[in-house]
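Both ligands and their constituent atoms are indexed starting at 1 by order of listing.
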Amino acid sequence: MSQHSDQPAQPSKQGTSPEGAYNQDDVERYYQTSLEIEKSRHHIDENKEEISALEHNASIELFKKQVGLLEKRLASDPRAFHQMFINEGSNAAAREFQQDELSKDFTQTLWALLLKNDDMSTLLLRFLWDLPLKYKRKFIRAIEQHLSDHYPMFKSLSEGWPGANNIPPYIRPPAERAEDFDLVNQGYIGYMGLGYSFREVELLVWLEVLRDKQCDDKPCELGLQPDTGGGENEGGCPVKIHIPEMLHLIGEDKFEQALQLIKESNPLPNVTGRICPQEIQCQGVCTLNEQPIEIGQIEWFLPEREKALHPDVGQGRKDFVSPWAKADKPPIAVVGSGPAGLINAYLLSKEGYPVTVFEAFHEFGGVLRYGIPEFRLPNDLIDDVVRKITALGGKFVTNFIVGKTTSLQALKRAGFWKVFIGTGAGLPRFMNVPGEHMNGVLSANEFLTRINLMRAHLEDYETPLPKTRGKQVIVIGGGNTAMDAARTARRLGGKVTIVYRRTRDEMPVRMEELEHALEEGINLKVLRAPREFTGSDKTQFVNLATLDVMELGEPDDSGRRRPAATGETEKMPVDLVIMALGNAPNPILKNSERGLKTSKWGTIEARSDSQETSIDDVYTGGDANRGGSTAINAAGDGQQAAREIAGENPFSASEIKALVASAEHYTDKGQAPKKILEKIELAEGIVEFVVHAPLIAKSARAGQFVRVLGWEKGELIPLTLADWNIEQGTIDLVIQSLGSSSMKINQMEVGEVISGIAGPLGLPSQLHPYKNGETVVFTAGGVGLPPVYPIMREHLRMGNHVTLISGFRTRDLMFWDKPDERIGLLQAEYPDLLDVIYTTNDGSFGINGFVTGPLEEMLENMKAGSGRLVGEVVTIGPPMMMQAVSDLTKPYGVKTVASLNSIMVDATGMCGACMVPVTIGGKMVRKHACIDGPELDAHIIDWDKFLPRFLQYREQEDANKSRHGFD
Ligand code: FAD
C-alpha cells in the first residue's frame with residue numbers, strides 16, 4: 001500500500017513501488033538521463049559517468065542498446081528523439097510480453113513505471129491498451145500473481161477477466177455505514193481512504209477500462225435494437241454520451257479529454273454517474289453482460305479527478321463578461337432547479353444567454369437535494385453545478401413559485417424571451433386505505449424532505465422529525481424512493497421493513513440500492529400490501545398495519561405481473577409508516593395557466609419531436625413532462641430543450657438590451673432580501689412585521705398565506721397574509737409566540753432579514769356578492785383576526801354586509817380595535833356594512849365567553865326570522881374553536897368555511913403533511929390545506945381525526961423550546 005496516500009488536492013505523482021521491485025530506480029534514472037539527450041548531446045556527455053555506473057542487467061542492457069541506436073538517429077534528427085524512444089521502449093516491453101508469463105521483476109517494474117504518471121507511464125498505458133486481449137490477460141494474471149499482496153483487489157482478478165470479473169468501486173462495509181449519512185458507494189476514489197495514492201486510483205479506473213471491447217455497434221451509447229426491429233432502442237445513454245470513445249481516451253491515459261467529451265453531452269456526470277439506473281441503460285446492454293464495465297463509476301470519477309487536480313475550475317475567469325452585461329442574447333427563465341432545469345440553465349448560460357432559475361424551495365437541486373439522501377448523493381455536488389452556472393452568469397431566485405408568485409405570462413412580460421419548465425413531479429401518491437390519516441403515517445417525500453432539505457435529524461435544526469430510534473418502521477413501495485426512505489430510517493435507528501406488493505424481481509429499484517439496503521439490515525416483505533392502519537383513538541397515532549397477502553396474476557401494462565389480494569391478511573405492529581408510492585406532477589402551474597396543455601395524469605404535454613409546450617416559447621422536460629422518471633432522462637430533456645431554445649431570435653440589438661434590462665430588474669426584485677421594515681408589538685407575544693417582498697405583495701389575494709423560513713436552520717411555517725401594499729412592495733405578517741420558531745422570529749428586529757418567504761400560497765378566498773342583505777360572519781379567535789382582516793375587507797369592498805366576531809382570551813391580548821387601527825378604520829369606512837362584536841374568555845372586554853355565543857344568537861334569530869340572514873360563516877383561529885363553530889352552524893345548514901393553517905412542510909403540496917381528512921359521499925378523502933385550501937368546507941372535515949394532527953410533534957416542539965431557553 002502506498003506510503004504517499006495524499007489528499008486528492010495534491011495527487012501523488014509518484015506511486016510507490018511494491019516491495020522487491022528491482023532496478024526501478026536505475027531504469028528511471030536511465031530514462032531521465034535519456035530524456036536529457038533530447039535537449040542536447042552535451043548533457044549525454046555529462047551524464048556518461050552516471051550511466052556507466054548503473055548495474056548491468058538485461059533491462060539496462062536493452063535500454064543501453066536502444067539508446068545507442070537512438071543516439072545515432074539523433075544526430076540526423078534531434079527532434080525525433082522522443083518519438084523514437086517511445087517506439088523503442090514499447091518494443092522492449094513487447095518482447096517481454098512474448099514470454100509465457102510476465103516475470104515478477106518485469107511486472108513490478110512495469111507497475112512502478114505506470115505509477116510515475118509521466119510520459120513514460122502514458123506510453124506504457126497506451127501500449128497495454130493497444131495489446132490484443134490475450135496479452136492483456138497475461139498482464140492481468142501478472143498483476144494478480146505479483147502485486148496482490150499490495151493490492152488485495154487484484155486477487156482472483158484474472159478468473160473470468162475481462163467479462164466476468166473486475167475491480168469493484170470501494171463500498172463502505174454495511175456495519176460502518178448503516179449508522180451515518182456519509183457516502184456509501186465511494187467509487188474508485190474511495191480507495192484513497194485505504195491509503196492508495198491518487199495515481200494508483202487512476203490505474204484502478206484504467207484497469208476497469210482495459211476490459212472494454214470497443215464494440216463497433218456501441219450498445220452502451222446507442223442501446224440495442226429491439227428484436228422486432230421497430231420502436232426505441234433498449235438501454236443506451238439517454239444523453240448520448242460517447243461512451244466507447246470516452247473509454248478509449250481513458251485507455252490511452254487521456255483522462256481530461258475523456259471528461260471534456262462527457263461534458264459535451266452531460267454537464268452533470270458527477271450526479272448522473274452515481275444515480276442513473278445504469279443496469280438498465282449503458283451497463284444493462286454491455287456485451288460484458290456478466291460484469292458490465294462500471295460506466296457510471298467511471299463517469300463520476302472523471303469530474304472528481306478534475307476537482308482534485310484543479311480545485312479552482314468553475315470559479316470563473318477574470319476576463320469573463322456576464323451575458324447580462326453583454327446583453328446580446330434575449331433572457332431565458334428556467335422554472336425549477338432539478339436536473340432538468342439545471343442542465344438547461346447550464347447549457348444556455350454557456351451559450352451566452354442571460355438565464356434566471358426560479359426555484360420554489362430555498363435550496364437548489366429538486367429531488368437531488370430534498371429526495372436523494374447524502375449517503376447516495378452529496379449535496380456539494382449540486383452546489384458545484386450551481387456554482388458553475390453562476391460562474392457562467394446564471395442567476396438564481398429562491399422561494400419563488402411560478403403559478404403563485406407570478407405567472408408564466410408575467411415572466412414573459414418581465415422580459416424573458418423563452419421559459420423552460422422543469423418543475424418535476426413532486427406530488428406524493430397515497431393509497432386512500434383506512435387509517436392513512438393517522439399520525440405516524442407520512443409520505444416518503446415528507447420524511448425525506450424533513451431530513452435532506454430541512455436537516456431535522458441534526459440537533460441545531462428546528463424542523464421536527466417523527467421518532468424513529470428503536471421504532472418499527474415500515475416503508476410501502478419498491479422503488480428508489482422507498483429504498484432512500486428505508487435506509488434513512490435505518491440510519492436514524494429504526495427497525496425497518498420494506499413492504500412491497502409484488503416480488504423482488506418486479507421492484508422498480510436500482511439493484512445496487514436494494515442490495516445495500518438489505519446489507520444494512522433492512523427487512524423486505526414481498527407480496528404484501530397495506531389494507532388498513534389502526535392506532536390510538538385519542539392520539540390518533542398508528543400502531544398496527546393490516547396487510548393483504550398478495551399473489552401475482554397476469555402481466556399489466558408495465559409488463560409486470562399484476563398483484564392481487566389472496567384474501568388472507570397479516571398484522572404487523574408499526575410506529576411509523578412511510579408511503580413511497582410514486583409522485584404525480586404538482587397542479588400549481590397547470591391551474592394557473594389555462595393555455596398549458598396537460599395529460600390526464602397531469603403531466604405537461606410537449607409537441608411531437610419537441611420539448612415545446614402548447615404555449616409558444618414555453619418548453620418543458622423531466623418529470624413535469626414524463627411523470628416520475630429518472631435524473632438522466634430529466635437531464636436529457638433539459639439538454640434537448642436548450643438546443644431548441646437557443647435558436648434564432650426575432651429581436652433587434654436594442655430590443656434585446658431592453659429585454660435584458662427588464663428581466664434583470666425583475667430577477668433582482670425576486671432576489672430582494674426579505675428585510676423587516678417595521679415591527680409592531682400588538683400585544684404580549686403578538687408581533688406584526690412589515691416585510692419587503694415586492695413580488696409577493698403584487699400577487700397576494702385575500703385568504704392566501706406565505707411559507708416562512710425564519711432563519712437558515714429554522715423550519716418552514718405557514719403564515720397567513722394579514723395585509724400587503726403593492727406600491728411599497730411590502731407584506732404584513734402577524735406572529736404569535738407559540739412554538740420555538742415563532743418565538744425566535746418574534747425576537748427579530750427591524751433591519752434583519754427573514755431567511756425566506758415564499759408565496760402567496762393556497763387558493764384565494766372565494767367571494768361573491770350577497771344580494772339579499774345576508775351577512776357574512778367571521779369568527780376570529782386571537783391571531784385568527786389578521787387572516788380574517790383582508791377577507792372581510794374584500795367582502796366589504798364588494799358591498800357585502802359583514803359581522804366580525806372577534807374573540808380574545810383577555811383584553812390585554814386585543815389589537816387593531818382602536819379607531820385609528822385596522823378594524824377601527826374599517827368601521828369608519830363602512831359604518832353601515834360592518835358590525836363588530838368582541839368577546840373575551842374572562843369577560844374583561846365585550847361579551848363574556850367564546851365567539852360561539854353571539855354566533856349562536858345570530859343563528860337563532862335568523863331561524864326565528866328576526867335577524868339578518870347569515871350568508872356564510874368563515875372561521876379562523878384555534879382548531880378547537882373552528883370545530884366548535886363548525887358543529888354549531890351545521891344543524892342550521894349555514895355554509896361554513898374554516899381556514900386551516902395546518903402543519904405544513906413545503907406548503908405547495910409536495911409533502912402531504914397538511915393532510916385534512918374530509919368525508920365526501922360517506923368516504924374519507926384526503927385534502928391538503930396547502931393545495932385545496934387553506935379554506936375548506938368545515939362541515940366535511942373529520943375534526944376528531946384532524947385535530948390530533950396539530951399535536952403530533954408536541955414533544956419535539958417542547959424540546960426545541962427548552963433548547964432555545966423558552967421554557
Ligand atoms: P425535480 O428534481 O423534481 O425538480 C423540480 C424542481 O422544481 C424542484 O426543485 C421544485 O421545488 C421546483 N418547482 C416545482 N414547482 C415549481 C414552481 N411552480 N415554481 C418554481 N419551482 C418549482 N432517479 C434516478 O435516476 N436515480 C435514482 O436513484 C433516483 N432516486 C430517487 C429517489 C427519490 C427519493 C425520488 C423522489 C426520486 C428519485 N429519482 C431517481 C427520480 C429523479 O430524481 C427525478 O426523475 C428527477 O429529479 C427529475 O428531475 P426534474 O428536474 O424533472 O424535477
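In this structure, atom 27 (C) of ligand 1 lies nearest to the protein heavy atom I275 O, 3.3 Å. Of the protein's non-hydrogen atoms, D623 OD2, 3.2 Å is the one closest to atom 44 (C) of ligand 1.
Across the listed options G479, S629, G341, S629 owns the non-hydrogen atom lying nearest to atom 39 (N) of ligand 1. Checking D637, N452, T630, V367 against atom 3 (O) of ligand 1, the nearest heavy atom belongs to V367.
Between E374 and R455, at least one side-chain nitrogen of the basic residue sits less than 4.0 Å from a carboxylate oxygen of the acidic one, meeting the salt-bridge criterion. A salt bridge links E520 and R491; the closest N-O separation between the charged side-chain nitrogens and carboxylate oxygens is under 4.0 Å.
In M910, neither the side chain nor the backbone holds a heavy atom less than 4.0 Å from any atom of ligand 1. When non-hydrogen atoms are compared, ligand 1 lies under 4.0 Å from the backbone of F358 (N, CA, C, O) but not from its side chain.
In terms of polar-atom proximity, L448 is not counted as a contact of ligand 1, lacking any N or O under 3.5 Å from an N or O of the ligand. In terms of polar-atom proximity, defined here as any N/O pair under 3.5 Å, V402 does make such a contact with ligand 1.
Heavy-atom contacts of R510 reach the following atoms of ligand 1: 28 (O) (cutoff under 4.0 Å).
F416 and Y666 have perpendicular rings, their planes meeting at more than 60° on a 0 to 90° scale where under 30° would count as parallel.
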